[in-house]
Amino acid sequence: KSPINKDKSKGQNLALASQNKLSPVYARKQSRKESIISVLQKKPNATIKDISEVISDCSEKTIQRELISLVKSGTLKRSGERRWSTYSLV
């Protein structure tokens, strides 16, 4: 796809979200984020492995992307480096 099509689809997703009609992709992402937060409420310092045992419908790489997003938004805190990283709620 060309970059123009990507921008158009992002705009459509934002329009759907603003109308309270969430796209299936956005809804799955939100569900994953809620699941990650739920895991961290039960286990305050969790690794990607810990979270992937609970969320089995996606890859560890996808979970890692969601964790990075949650850290950037200020919802989570990351401690440690690379494979030894643990995540906790702020």
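Reckoned from all heavy atoms, side chains included, excluding hydrogens, waters and symmetry mates. Numbers for residues simply follow the sequence, beginning at 1.
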**Fill in**
The residue among V71, L70, V39 that forms side chain to side chain contact (heavy atoms under 4.5 Å, CB included) with Y87 is V71
**Asked** Is any side-chain heavy atom of I55 less than 4.5 Å from a side-chain heavy atom of T62?
**Response** no
**Message:** For E60, give me all partners under salt bridge (charged side-chain N to carboxylate O under 4.0 Å, His left out), at least two apart in sequence or on another chain.
**Reply:** K49
**Message:** Checking K72 now: which residues fulfil side chain to side chain donor-acceptor pair (under 3.5 Å) with it, not counting sequence neighbours?
**Reply:** none
**Any residue meeting side chain to side chain donor-acceptor pair (under 3.5 Å) with S69, in chain and number order, not counting sequence neighbours** = K33
**Request:** Would you please name every residue forming a side-chain contact (heavy atoms from CB on, under 4.5 Å) with Q64, sequence neighbours left out?
**Result:** I48, K61, I68
**Asked** What are the two closest heavy atoms between S88 and P44, and how far apart are they?
**Response** CB-O, 3.0 Å
**Message:** Looking at every non-hydrogen atom in both residues, tell me the closest pair between C58 and I63 and how far apart they are.
**Reply:** SG-CG1, 3.8 Å
Enumerate donor-acceptor pairs with a distance under 3.5 Å from any side-chain N or O in residues 74-81 to protein atoms, sequence neighbours excluded.
residue: T75; atom: OG1; partner: S73; partner atom: OG; Å: 3.0
residue: R78; atom: NE; partner: S85; partner atom: OG; Å: 3.1
residue: R78; atom: NH2; partner: S85; partner atom: OG; Å: 3.3

**Message:** Considering only residues two or more places apart or on different chains, which pairs with a residue in residues 34-48 satisfy side chain to side chain donor-acceptor pair (under 3.5 Å)?
**Reply:** K43-D50, T47-D50
**Item:** Spacing of R32 atom CZ and L67 atom CG [to the nearest 0.5 Å]
**Value:** 11.0 Å
**Message:** With clusters defined by side-chain heavy atoms of hydrophobic residues (ILVMFWY) lying less than 4.5 Å apart, directly or transitively, does L89 cluster with V54?
**Reply:** yes
